[in-house]
Amino acid sequence: MNTPVNDGAAIATGVMDPELRSAIGRIARVPQLLVACDYDGTLAPIVEDPSTAVPLPESVAAVRALAALPQTTVAVVSGRALRDLAALSRLPSEVHLVGSHGSEFDIGFVERLSPELVAVRQQVRNSLREIAAKHPGIRLERKPASVAVHTRGVDPQVAAAAIEAVRNGPATFDGVTVTQGKEVIELSVVATHKGTALDQLRTQLASSAVLFIGDDITDENAFGHLHGPDLGIKIGPGDTKASYRVADPLEAARSLALLLETRRHWLFGERAVPIERHSMLANGRTVALLTPEAKVSWLCHPKPDSAAIFADLVGGSPAGHFSVAPERGGIPLGQRYRSGTMTVETRWSGLTVTDWLDKPARETTPDDSPAVITGDSTLVRVLTGSGKAKVEFAPRPEFGQVAVQLQPIGDGLLVLGSNEPVALYAPGVEWEVGNDGGYETAKAIVDLSAAGGQVVLELRFGTHSLEHHRVPIHERQAAAEQPWKDWVASLRLPSTARDLVARSALTLRGLCHEATGSILAAATTSLPEELGGVRNWDYRYCWLRDAALTARALVDLGSVEEAEALLRWVDGCIERTGGHPERLHPLYTIDGYELGAEAVIDTLPGYAGSRPVRVGNLANHQLQLDVFGPIADLIAAVADARGSVRDDEWRVLENMVEAVRRRWHEPDHGIWEARLPPRHHVFSKVMCWMTVDRALHVMREHGGEDRPEWKDLRDRIGANVLEHGWHSDVEAYSVAYGDEDMDASSLWIGLSGLLPGDDPRFLSTVLRIEADLRSGPVVYRYHWDDGLPGREGGFHICTAWLIEAYLRTGRRTDAEELFAQMVLTAGPTGLLPEQYDPLAERGLGNHPQAYSHLGLIRCALLLDNMLKQ
Ligand SMILES: O=P(O)(O)OC[C@H]1O[C@H](O[C@H]2O[C@H](CO)[C@@H](O)[C@H](O)[C@H]2O)[C@H](O)[C@@H](O)[C@@H]1O
C-alpha cells in the first residue's frame, strides 16, 4: 500500500511526511521485523575521506535500541568491506553487519575466494594502482573481493579521465562486475548485490516485513527486492524504487526513532488499563468490555467467540476501539453499573456516557407495531450533559486483519469490509473520516448543549439499516434493563457482600448465551496470567466444568433457568458423541461444536505486551475426566430446587455415570489442562466419585429406579482415590497418585463430601495446601512444573475453595478474613478476572471470569449459612 514518490528535487526537512509516518506505524506492528540500513550516506553522513565516516549518534541510539527489541532484527548492509564497516560503525554484535554490497556475511569470506578469483582480483588491483598513479587525488579502497575507486574531491576533469580509464581497462576484465556509487566506481570479482543479501536475511530470519533505508545507486537493488508489507525509504534526491523519501541521514535517524517508539509500544503495551477495572456489557447474545474511561476496548462479532471488531484490549488502539470522552480531556469522576442492570454509566463533569447492549428491536418494541430491524445486537451509547465530547470510532473487524472503510451515509456510517453488516447510527453527528493505510477511523466533536443535552450513538450489528428507531431511547433503555432487574429481584441473595454477589450473579448471567444455553468461561481471550508472559489462553468457549459450576451457583441463588438451558445444550453435545459420552470434549464452541485449531494472531501485541494472543484452545483435545462431576452435581441441585427431574436431565445423568464407568480408571490431563502427559489426578478421581454419588442422590430423592451397580461403582472409585491419592510423605492428598506436589484442587477430597469435615486426612490436606499455596489474599493452583515458562497469579476459585474448606473444618474466622480479602481484589464495578497477583496487587487473566464470580457467590452463601456444607 505504499504510494509512489515524486522525484525529490525539493525535500522539506523537519516535519515528517504524514504518509511516511503512518507507513512506519504499520510496519512497526509486524510480528518479525527486519530493519536494514545502508551505511555511508544513511547512518553515516557522506564525508570526503571514507576512512572518517562515522554514524550519527541519533542513528546509533535508534539502531541499538531496535536491535535490543524482541521480534526485531537490525542489519547494516553496506558496500564497505565487513572489517572496515565493523571498525567504523562500532555497532554492537546484536546488529548484523553485511559488507561488500551483500557478499560478506562473515569475516571468513576472503578465504573462500577461489584461486582463479584471487588472480583476477590481483590483476584488477595492479591495473587500478597504475591508473591511480596517473590521476592525482584518486583514492583506492581495497576490499576482500573488490576495489573501490573514489573520485570525491578530485578535479572533475581528472576524475572523468580516471573513470574512463577504469571503464576501458580493468572493468572489461573477464569475471569483473562494475558497481557505480556516489563518486565511486567499484570493480568486484564477486557478482552480488544488496537485493540478494536482503532476500537471504529475510529468509534466514523468517521476517514478516523488511524496512530498508538507503541513499545510493547500489541501494536501488535493495529497494527493488521489497514487496508486500515492506517499506523502502530513500535518502536524498534522485530516481528511486523506494516508496518514501527523506532529506538526509538526520531525517533517516528520525524515522528510525519513530519506528523504535512505535514498535516498543506495540511490543510492550501502551499504558494498559488494569484488567479488573474493565466493566462488561451483555445482552444474552454477546459481550463487550468497557474501560473506566468509557472506551469500548473489546467486542466480538457476531458471537462472543467470533473474531473481535474492537480488540484494543489485546492490541492497543490500532486493533479497534470506540471511545467517547470530554473534548477537554480529564479522568472520569467514576463509573458504575445502574443498579441491577448491565447498563454502565461513566461520568465526567458535564458529560455522562450510558452504555448498554440492546437486543434486536423486534424484541424490545413494547407494542405490536412493526419495528425497525436492528440486526443481532446494538451497542447503545447515550451521551448526556452540556459540554463537548470527542468521539472516535475505529472498528477493526477480524482482529484488525482486514482493511475497513467507513462510508458516511444518511444519519450515520456504514462499516465496509467486515463479513457481517455493521452500521453506526448517529443522527446529528458530523464525522471526519481519516484513512491510515486502508484502516478508516471516524472522529467527531459533539456539542451536547447544541444538541439539546443528549446524543445517541447506536452501533448496529447484523444490519446496514440506518433508519430511525421509533421507540424513544429512554423506553428502550428501560426495556433493556427491566429483565435484568426482574431477574436479580427474583434471586435469594445473602446478606454477606450482597451487592457484590448481585453483581457476580449478573456477570454470570451475562456470560450465558441465551440462544444456545451455553455459558462462556470468560469474556476474553489472552489476558495474561503473567504480565509480559506467554500464559495467555482463549476462554470464550463453553467448558462443561465451568459452565456447570456457573449454573450451579445460579441455582443456589434461586435461578434454575440457566441450568435447564445448559443441560439441554449438554444433551445436544452428548447426542453428537453417537453413544460415547466418555468421548465428550472438555469444551465446545458456543454452538456446541468442536473448536477449530488453536492459532496465534501474531499481528496483535497482547495486553501489556503479553504475547501470543491465541484463538481456539488446544485443551479441547485433552482427556479431562472430572467434567462429569459438576454436571451430575448440577442436575442434583436443579432436581432438589425444582422437586423433579426432566427427561433430558435423566438422560444426561445416565450418560455422565456411563462415561465415568467406562473411563474413571484412566489417567487424564486434569482440571488445569497442563500440556503434559496424563496422570491419575486426585481431583479427576474425586469428580468421578462425585458423578456417581450425585446420580445416586437424584435416584434416591427423585424417584429413579434402584441402581445397585452405581453404588458399587461409587464406592470403588472412592476407595481407590482415598488409598492412592494420599501421599504419606507430605501427609496430604496431593495432585496425582504417587506425586508429592500439592494442588488446591485436592481440597475437593473434602469439599465433595467424600471425606467429612472432621476427617484428619482432610484437615491435614487443608493445612498443607494453606502452607504451600496460600499467599495473603490468594491461593495458587499449584507450584509444580507445568512445562510452561513464567509464573502466574493466585486463582480466585482456589481462594474460594480454601474459604469453603476453612468453613468445613470449623475455621470460620479464617474463612471470613480470607473472604474479606478476596472481596477487596474486585474492580471498582465489582468484576473479577481469573487471578490476582498479591505482590503487584492487580488482577490477571481473562475477565470477567465465571470461576471467580461463582466462587465468590458460593462463599457468601456458605458464610450466610444458606447452603448445606
Ligand atoms: O553501501 P554503503 O554503506 O553506502 O557504502 C557505499 C560506499 O560508501 C563509501 O563511499 C561513500 O562514502 C564515503 C564517505 O562518506 C564518500 O567519501 C564516498 O564518496 C562515497 O562513495 C565507501 O568508501 C565505499 O567503499 C562504499 O562502497
Side-chain angles (χ1 to χ4, degrees), residues 35-56 59-60 63 74-91 95-105 109 121 124-125 128 132 135 137-156 158-160 162-163 166 171 176-198 201 212-225 232-236 238 240 242 246 248-250 252-253:
V35 182
C37 303
D38 163 58
Y39 184 71
D40 289 282
T42 299
L43 297 182
I46 293 288
V47 289
E48 198 155 309
D49 178 358
S51 65
T52 62
V54 291
L56 290 172
S59 305
V60 173
V63 158
V74 180
V76 178
V77 187
S78 167
R80 285 182 179 267
L82 183 57
R83 197 181 296 272
D84 291 352
L85 180 64
L88 275 175
S89 69
R90 302 173 68 100
L91 286 165
V95 178
H96 297 245
L97 299 182
V98 183
S100 299
H101 301 288
S103 312
E104 264 194 290
F105 275 77
F109 170 73
R121 184 186 65 182
V124 169
R125 282 180 181 173
L128 288 177
H135 298 85
I138 295 294
R139 258 191 299 254
L140 298 183
E141 183 186 349
R142 279 171 58 154
K143 305 185 190 181
S146 63
V147 182
V149 183
H150 287 274
T151 57
R152 187 174 296 275
V154 178
D155 174 84
V158 177
I163 296 298
V166 171
V176 170
T177 303
V178 182
T179 308
Q180 182 69 54
K182 283 184 168 169
E183 303 195 45
V184 68
I185 184 166
E186 187 162 339
L187 305 187
S188 175
V189 297
V190 175
T192 185
H193 60 66
K194 291 186 180 183
T196 45
L198 217 50
L201 283 169
F212 185 82
I213 313 184
D215 71 309
D216 211 341
I217 304 157
T218 56
D219 298 319
E220 291 304 315
N221 290 322
F223 291 135
H225 278 231
I233 305 176
K234 158 88 174 168
I235 301 175
T240 185
V246 294
D248 53 31
L250 191 59

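Note that ligands are numbered from 1 as they come in the structure, with each ligand's atoms numbered from 1 the same way.
Considering both main-chain and side-chain atoms, D49 never comes within under 3.5 Å of ligand 1 through any nitrogen or oxygen pair. Ligand 1 has no nitrogen or oxygen under 3.5 angstrom from a nitrogen or oxygen of D215. The shortest N or O to N or O distance between V77 and ligand 1 is not below 3.5 Å. Backbone and side-chain nitrogen or oxygen atoms of T218 are examined, and none is located within less than 3.5 angstrom of a nitrogen or oxygen of ligand 1.
Under a 4.0 Å criterion applied to the non-hydrogen atoms of V184, ligand 1 contributes the atoms 21 (O). Interface of K143 with ligand 1, defined as ligand atoms under 4.0 Å from a residue heavy atom, comprises 24 (C), 25 (O), 26 (C), 27 (O). If you number the atoms of ligand 1 from 1 as listed, the ones under 4.0 Å from a heavy atom of Y39 come out as 3 (O). For ligand 1 and E48, the ligand atoms under 4.0 Å from any heavy atom of the residue are 17 (O). Short contacts between ligand 1 and D38, defined as distances under 4.0 Å to a heavy atom of the residue, involve ligand atoms 1 (O), 2 (P), 3 (O), 4 (O). Close contacts of ligand 1 with V47, meaning ligand atoms under 4.0 Å from a residue heavy atom, involve 13 (C), 14 (C), 15 (O), 16 (C), 17 (O). Against a heavy-atom cut-off of under 4.0 Å, K194 is close to the following atoms of ligand 1: 1 (O), 2 (P). The distance from ligand 1 to the heavy atoms of E186 drops below 4.0 Å at these ligand atoms: 27 (O).
Considering only non-hydrogen atoms, atom 24 (C) of ligand 1 lies nearest to E141 out of R152, E183, R139, E141. Comparing heavy-atom distances from atom 3 (O) of ligand 1 across S100, A81, S78 singles out S78 as nearest. The closest non-hydrogen atom to atom 7 (C) of ligand 1, taken over T179, D40, I185, comes from D40.
Scanning all protein heavy atoms for the shortest distance to atom 10 (O) of ligand 1 gives H150 CE1, 3.4 Å. For atom 21 (O) of ligand 1, the nearest protein heavy atom (residue, atom name, distance) is K182 O, 2.5 Å.
Side-chain contact check for V149 versus L140: some heavy-atom pair is nearer than 4.5 Å.
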For side chain to side chain contact (heavy atoms under 4.5 Å, CB included), just list the numbers for V60 and L91, CA-CA rounded to whole Å, side-chain angles, deciding distance to a tenth of an Å, and then say yes or no. CA-CA 7 Å; V60 173; L91 286 165; 4.2 Å; yes
Taking it one step at a time, do S89 and V76 satisfy side chain to side chain contact (heavy atoms under 4.5 Å, CB included)? CA-CA 9 Å; S89 69; V76 178; over 6 Å; no
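A salt bridge links K182 with D215: at least one charged nitrogen is closer than 4.0 Å to a carboxylate oxygen. Taking the charged nitrogens against the carboxylate oxygens, E104 and K143 have no contact shorter than 4.0 Å, which rules out a salt bridge.
Under a 3.5 Å cut-off, the side chain of R121 and the backbone N or O of P144 do form a donor-acceptor pair. Listed for the S59 side chain is no donor-acceptor partner under 3.5 Å among the backbone atoms of A253. Side chain of K194 to backbone of V77: a donor-acceptor contact under 3.5 angstrom is found.
Closest approach of I235 and G41 over heavy atoms only: CD1-O, 3.7 Å. Smallest separation of non-hydrogen atoms from Y39 and P55: OH-CD, 3.1 Å. Taking every heavy atom of both residues into account, A53 and R80 meet most closely at CB-NH2, 3.6 Å.
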